[in-house]
Amino acid sequence: MPFDLSKCARPNILALEPYRCARDDYKDDGTNILLDANENAYGPGLALSEDGKLVNGGRKSDVTIDLLGLNRYPDPHQHELKQLLCELRNTHVHTKKNLTPENLFVGVGSDEAIDALLRAFCTPGKDRILTCPPTYGMYAVSAQVNDLEVVKVPLDVNDGFAAQADKINARLAEDPLIKLVYLCSPGNPTANLVRKADVQKVLEHPTWNGVVVVDEAYIDFAPEGSSLAEWVVEWPNLVVMQTLSKAFGLAGIRLGAAFTSPEIARLLNSLKAPYNISNPTSQLAIQALQPQNLKVMHKHREQIIKQRERLLAEMPKIPGVGGFLGGRESNFLLVEMLDKPSGKPSNEVALQVYERLAETRGVVVRFRGKELGCFGCLRVTVGTEEEVTRCLKELEGVLEEVYSGRVSKPNGRVEAQKEEAANGVVA
């Protein structure tokens, strides 16, 4: 046959590695505590009865998924959903103006918006994007899919992983082929907010013709008023991405949003698939944005923040746990594992703790030790009270095993390979 996949497919696609998550290595058997993917351990932000059904609210149209209507294509415009998202983010903290549905693109998680922006603004094989590591891995994955180079301006590891706006602006002045700047706020894995002043400094660049993208996937765990979503009405080249996967506990419906100028929103809505949001997804998202369900989300958020404070207080008491790096504005923490009690950060110990927790204790966290400035670090999602109790207990036990020599140590090459594999998990 003349067909040769290696010569027919695009080289940049052939070079891709399949998306990996920790659960590729450690399956959920129903007993594991999953503190690896920054999901909401308290469940969906929906008022549910004990049998898992939606509790009737004031509007009957919000209560059920229309199963009989699944033979019809969904609304391609999602005006009602967009209006509710606008009402959620019209806080008037950053502007007196109001967001409208014309300011919105909704997609299959934030990942669709990440990719759509690349396709809208970047010419494959020519243009570039700028990211600030350590950061969310999907920016680079989407760039590779679209055959785009990634320019990196690292966060300042000596200043709590702050964005370095002056260095970003210097790179933008040097390279007009950079079309997009991705800023993660709160950062992943750093859990800190990007300062509004730094975002503004990049937006006010005197010569750069490009778009600033602020990824606010975890924004609802930050202090009230932190979201810059409504600020897009003041800037023609600002995009703020959000998701219902985190604070709203709806990772399973895959619903993300991009707030931006009407002109950019029009571009994104023009290039998307015509029916990208399914009826069940939009109906559940609309339900989640009703007052009775927002109360549930707020309650879950309060519980998560309480357990986050508990981890901050109790983890340092465990011998072998080092400092917390980055911020405290998310539903996860970035924490060092030490080579010995009161020692120094160690990737070897962090990897052993990561593996032993999952393989022998049923607690799955995330190894981030190969990320810039994260040497010796694990990223731990905040769980329920019961999950946090078990996590603390098992972590202490595993560290005791590591320090007592009861955990066999691989040779250096195997150790390096294991670290790369564990760190290769994208989310």
Side-chain angles (χ1 to χ4, degrees), residues 21-23 25-42 188-191 221 303-371 373-410 415 418-419 421-423 425:
C21 70
R23 283 167 228 171
D25 302 323
Y26 304 115
K27 304 299 182 185
D28 178 20
D29 62 2
T31 64
N32 289 340
I33 293 177
L34 305 176
L35 305 180
D36 62 313
N38 299 340
E39 296 155 322
N40 191 320
Y42 285 92
N188 177 9
T190 57
F221 300 107
Q303 291 172 306
I304 289 169
I305 291 173
K306 180 179 179 180
Q307 293 307 311
R308 183 180 71 193
E309 295 304 312
R310 183 180 166 208
L311 283 170
L312 287 166
E314 296 189 22
M315 282 187 81
K317 299 176 182 177
I318 298 174
V321 172
F324 294 98
L325 303 188
R328 314 288 187 268
E329 286 80 43
S330 195
N331 69 331
F332 60 85
L333 295 168
L334 187 66
V335 61
E336 296 172 324
M337 298 292 112
L338 308 180
D339 59 353
K340 59 183 178 180
S342 302
K344 58 186 179 182
S346 166
N347 263 3
E348 182 180 341
V349 171
L351 181 67
Q352 291 176 7
V353 170
Y354 162 72
E355 292 179 336
R356 295 293 292 176
L357 277 175
E359 295 170 6
T360 69
R361 308 298 180 107
V363 178
V364 185
V365 296
R366 185 64 55 83
F367 175 79
R368 296 283 82 173
K370 302 293 282 187
E371 299 287 333
C374 302
F375 186 78
C377 283
L378 299 178
R379 193 194 72 191
V380 182
T381 304
V382 180
T384 64
E385 181 177 0
E386 294 77 14
E387 289 173 340
V388 167
T389 297
R390 182 173 160 191
C391 176
L392 291 167
K393 175 184 176 183
E394 304 297 0
L395 176 60
E396 183 172 15
V398 164
L399 280 167
E400 287 178 357
E401 290 180 0
V402 171
Y403 294 143
S404 67
R406 283 177 278 163
V407 178
S408 60
K409 297 181 180 180
E415 173 78 20
K418 284 189 170 186
E419 288 181 9
N423 203 78
V425 175

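Residue numbers start at 1 and run along the sequence shown.
Taking Glu386 as the reference, Thr384 meet the side chain to side chain contact (heavy atoms under 4.5 Å, CB included) condition, with sequence neighbours excluded. With sequence neighbours left out, Glu394 forms a side chain to side chain contact (heavy atoms under 4.5 Å, CB included) with Leu357, Arg361, Val363, Arg390. Taking Ser342 as the reference, nothing meets the side-chain hydrogen bond (donor to acceptor under 3.5 Å, both in side chains) condition, with sequence neighbours excluded.
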May I have the step-by-step check of side-chain contact (heavy atoms from CB on, under 4.5 Å) for Arg308 and Phe221, ending in yes or no? CA-CA 10 Å; Arg308 183 180 71 193; Phe221 300 107; 4.1 Å; yes
Sequence neighbours left out, cut at 3.5 Å: what donor-acceptor pairs do the side chains of residues 309-317 make with other protein atoms?
from   : atom 1 : to     : atom 2 : distance (Å)
Arg310 : NE     : Glu314 : OE2    : 3.3
Arg310 : NH1    : Gln307 : OE1    : 3.0
Arg310 : NH1    : Glu385 : O      : 3.1
Arg310 : NH1    : Thr389 : OG1    : 3.2
Arg310 : NH2    : Thr389 : OG1    : 2.6

Hey, can you pull the donor-acceptor pairs under 3.5 Å for the side chains in residues 322-341, sequence neighbours left out?
from   : atom 1 : to     : atom 2 : distance (Å)
Arg328 : NH1    : Gly326 : O      : 3.1
Asn331 : ND2    : Asn38  : O      : 3.1
Glu336 : OE1    : Gly323 : N      : 3.0
Asp339 : OD1    : Lys344 : N      : 2.9

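No side-chain heavy atom of Asp36 sits less than 4.5 Å from a side-chain heavy atom of Val365. In this structure, Pro189 and Cys374 have side chains that are in contact, with non-hydrogen atoms separated by less than 4.5 Å. Side-chain contact between Asn347 and Phe367 is present, with at least one heavy-atom pair separated by less than 4.5 Å. Within the 4.5 Å cutoff, no side-chain heavy atoms of Val364 are placed close to those of Leu35.
Judged by distance alone, the side chain of Asn32 and the main-chain N or O of Leu34 form no donor-acceptor pair under 3.5 Å.
The CZ atom of Arg368 lies 12.0 Å from the OG1 atom of Thr190; values are rounded to the nearest 0.5 Å.
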